Amino acid sequence: MAFKILGVGNALPKFMLDNQMLSKMVDTSDDWITSRTGIKTRGILTDEKLLDLSVAAANKALNLANIKADSLDLIICTTLMGDTISPYHAAMVQKSIGANCHAFDMNVGCSGFVYALEVASAYFKSNLANRILIVSAEHMSNFLDYNDRSTCILFGDGAGAVVLEKGENLLSMKLITAGDDSILRVTRHAGNFPYEKFGFNKKEKSTQNVWMDGQQVYMFAVNCLVNSIQDAAKQANININEIDYFLPHQANMRIIEAARIKLGIAKDKILSNIERVGNTTSASIPIMLAEYVSKFKRGMKLLLSTFGGGMSGGSALIKW
Ligand code: COA
């Protein structure tokens with residue numbers, strides 16, 4: 001026994017930063033960004049908070065599911081960081097939507113949503129919950145250096161949510177962790193504890209919040225998508241051609257296209273919104289689920305596939 005999805009929701013910032021605006025901030029161009037990534041615009045939080053997007057996405061999902069917040073048994077938020085470290089994000093979502101269940105955050109980089117599905121599935125199997133809300137919410141513009149053209153063009157802010165109930169619609173799950181900080185890192189802000197004054201010399205001085213070796217990450221991503229999709233299909237004992245839609249993590253259109261070609265998947269089965277929203281890390285897949293919900297018919301097979309920092313990745317095959 002695992003779960004079925006009862007409702008989905010998403011929310012994006014009011015302000016969309018386009019490539020023309022970015023090219024006035026750093027030495028780049030619409031042509032370079034579009035041809036290398038497929039991204040045209042991305043949402044940036046300005047006067048709103050991440051909590052506002054999270055609550056809007058959660059309420060949409062609850063409304064679609066026709067579920068009241070006080071009937072939830074658990075809330076899981078996936079995020080690199082909410083508006084504050086403490087209270088953690090899920091606690092503030094719980095308060096804001098009027099729920100009274102327990103709630104916790106998970107940080108698995110861009111892979112958070114798919115990992116949260118596995119945690120939810122384990123809760124259902126152990127009879128610890130009947131209804132779970134997952135909210136994946138990311139404020140990447142908070143970490144980016146808008147002088148660094150190699151990273152600031154890629155990411156956007158956003159939130160996506162799903163309401164799950166006990167059910168039979170998880171067909172298979174394949175998760176991957178390959179711990180490695182040499183190709184992708186998001187470092188923390190240095191504190192100001194005066195170590196040196198006490199004779200220590202340990203203070204980490206981070207000069208760049210988001211650092212990556214783009215080409216290495218690209219190779220990891222393509223391999224991760226291909227391997228985890230193949231493994232998830234094999235585990236469910238189905239052929240990749242039997243899958244109706246693929247919702248791959250939206251990091252770079254070229255990554256998705258390279259994996260699509262390797263796997264021999266028809267173009268119209270790949271869903272994407274990267275052109276408008278950029279890479280919204282763990283919010284990427286639930287944002288797409290909500291955006292494309294009208295396409296999904298009961299019984300269709302959907303493959304949700306992710307990769308990202310950690311390094312991490314994985315695929316979940318679900319029946320709608
Ligand atoms: N605008 C213009 N030029 C840029 C640029 C930008 N925004 N960013 C980098 N460049 C330049 C580089 O400086 C380099 O110039 P050089 O040849 O004079 O040294 C050139 O473009 C090529 O850079 P490179 O890094 O080789 O480009 P790329 O084809 O690998 O594309 C990425 C860069 C980041 C788009 C690509 O590697 C990628 O998407 N990687 C995966 C990143 C990712 O998905 N991260 C998140 C994981 S969840």
Side-chain angles (χ1 to χ4, degrees), residues 17-42 78-81 106-115 136-158 160 175-187 208-228 247-260 272-275 277-288 304-315:
L17 179 66
D18 67 25
N19 292 347
Q20 276 81 13
M21 293 185 233
L22 260 177
S23 59
K24 292 186 183 129
M25 295 158 69
V26 283
D27 182 13
T28 190
S29 64
D30 175 42
D31 186 48
W32 194 96
I33 302 171
T34 308
S35 61
R36 301 286 176 125
T37 70
I39 302 168
K40 287 278 190 191
T41 61
R42 70 287 287 146
T78 73
T79 185
L80 258 60
M81 200 179 121
M106 286 175 57
N107 172 6
V108 196
C110 296
S111 306
F113 177 72
V114 175
Y115 272 68
S136 298
E138 302 285 6
H139 191 170
M140 280 304 287
S141 63
N142 226 4
F143 301 109
L144 290 165
D145 174 358
Y146 284 88
N147 294 310
D148 175 15
R149 67 179 182 175
S150 67
T151 53
C152 73
I153 58 151
L154 296 171
F155 297 94
D157 303 330
L175 300 180
I176 296 164
T177 302
D180 182 2
D181 66 353
S182 70
I183 62 172
L184 176 55
R185 287 192 298 274
V186 181
T187 50
Q208 213 174 3
N209 282 351
V210 180
W211 180 90
M212 72 182 171
D213 178 334
Q215 292 185 4
Q216 291 296 322
V217 175
Y218 188 103
M219 284 191 282
F220 172 85
V222 175
N223 286 333
C224 188
L225 282 182
V226 170
N227 294 336
S228 72
L247 291 87
H249 173 48
Q250 303 289 292
N252 182 327
M253 206 52 218
R254 282 163 56 220
I255 291 175
I256 298 168
E257 184 60 7
R260 183 191 75 76
S272 170
N273 62 3
I274 192 170
E275 186 178 348
V277 307
N279 181 347
T280 55
T281 52
S282 78
S284 172
I285 292 174
I287 287 175
M288 264 198 299
L304 319 178
S305 199
T306 191
F307 57 84
M311 302 303 285
S312 64
S315 286

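Values reported hereafter were calculated over all heavy atoms of this structure, with side chains retained and with hydrogens, waters and symmetry mates removed. Counting starts at 1 for both ligands and their atoms, in listed order. These numbers were taken from a predicted model, which means no experiment stands behind them.
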* For the pair Asp18 and Lys40, find out whether any cationic side-chain nitrogen is under 4.0 Å from an anionic carboxylate oxygen. => no
* Starting from atom 43 (C) of ligand 1, locate the nearest protein heavy atom and write down its residue, its atom name and how far away it is, to 0.1 Å. => Val217 CG1, 3.7 Å
* Compare all side-chain heavy atoms of Leu304 with those of Phe113 and state whether any distance is below 4.5 angstrom. => yes
* Ionic contact status for Arg260 with Glu257, cut-off 4.0 Å -> yes
* Quick one: side chain to side chain contact (heavy atoms under 4.5 Å, CB included) partners of Met25, sequence neighbours excluded? -> Leu17, Leu22, Tyr146
* **Distance filter under 4.0 Å to Asp27 heavy atoms, resulting ligand 1 atoms** => 1 (N), 2 (C)
* Structure fact -> Within 4.0 Å of some non-hydrogen atom of Ile153, the atoms of ligand 1 are 7 (N)
* Output the list of atoms in ligand 1 that are nearer than 4.0 Å to some heavy atom of Asn279, sorted by atom number. => 46 (C), 48 (S)
* Asked: When you look for heavy atoms under 4.0 Å from ligand 1, do you find them on the side chain of Thr28, its backbone, both, or neither?
  -> both
* For Arg254, take its heavy atoms, then give the atoms of ligand 1 lying under 4.0 Å from any of them. => 29 (O)
* Specify the closest pair of heavy atoms between Ser228 and Ile176, including all atoms of both residues, with the distance to one decimal. => CB-CD1, 3.9 Å
* Structure fact -> Judged by heavy atoms only, the candidate from Asn252, Asn19, Ile183 nearest atom 39 (O) of ligand 1 is Asn252
* Under-4.0 Å protein heavy-atom contact, atom 3 (N) of ligand 1 -> yes
* Taking the side chain as every heavy atom from C-beta outward, state whether Gln250 and Asn273 have any pair of such atoms under 4.5 Å apart. => yes
* **From His249, Gln215, Arg36 - option closest to atom 29 (O) of ligand 1 by heavy atom** => Arg36
* Asked: Less than 4.5 Å apart, any side-chain heavy atom of Arg254 and any of Arg36?
  -> yes
* **Test item: protein heavy atom less than 4.0 Å from atom 17 (O) of ligand 1** => no
* Which bit of Ile33 gets closer than 4.0 Å to ligand 1, counting heavy atoms only: side chain, backbone, both or neither? -> neither
* Asked: Quick one: which ligand 1 atoms are inside 4.0 Å of a heavy atom on Ala251?
  -> 44 (O)
* To do: Examine Gly214 against ligand 1 and note whether any of their N/O atoms are separated by less than 3.5 Å.
  => yes
* Taking C-beta and beyond as the side chain, do Ile153 and Ile39 meet within less than 4.5 Å on heavy atoms? -> no
* Tell me, please, which residues at least two apart from Asp27 pass salt bridge (Lys or Arg N to Asp or Glu O under 4.0 Å). => Arg149
* Structure fact -> Atoms of ligand 1 under 4.0 Å from any heavy atom of Gly308, numbered from 1 in the order shown, are 48 (S)
* Examine distances only and state if a side-chain atom of Thr79 and a backbone atom of Ala137 form a donor-acceptor pair shorter than 3.5 Å. => yes
* **atom 32 (C) of ligand 1 protein-contacted (non-hydrogen atom, under 4.0 angstrom)** => no
* Are any non-hydrogen side-chain atoms of His249 and Asn279 less than 4.5 angstrom apart? -> yes
* Asked: Strictly under 4.0 Å, does any heavy atom of Thr281 approach an atom of ligand 1?
  -> no
* Asked: Cut-off 3.5 Å, side chains only: do Ser282 and Glu138 have a donor facing an acceptor?
  -> yes
* To do: Look at atom 8 (N) of ligand 1 and find which of Trp32, Phe220, Tyr218 reaches it with the closest heavy atom.
  => Trp32
* For Thr37, the ligand 1 atoms whose distance to one of its heavy atoms is below 4.0 Å -> 35 (C)
* Considering all protein heavy atoms, does one lie under 4.0 Å from atom 14 (C) of ligand 1? -> no
* Asked: Out of Thr78, Asn107, Thr177, which one pairs with Tyr115 under the side chain to side chain donor-acceptor pair (under 3.5 Å) rule?
  -> Thr177
* **Shortest protein contact, atom 12 (C) of ligand 1 (heavy atom only)** => Arg149 NH2, 3.8 Å
* Asked: Which residue owns the protein heavy atom closest to atom 45 (N) of ligand 1, what's the atom, and how far is it?
  -> Met212 SD, 3.4 Å
* Can you list the ligand 1 atoms lying under 4.0 Å from a non-hydrogen atom of Cys110? -> 48 (S)
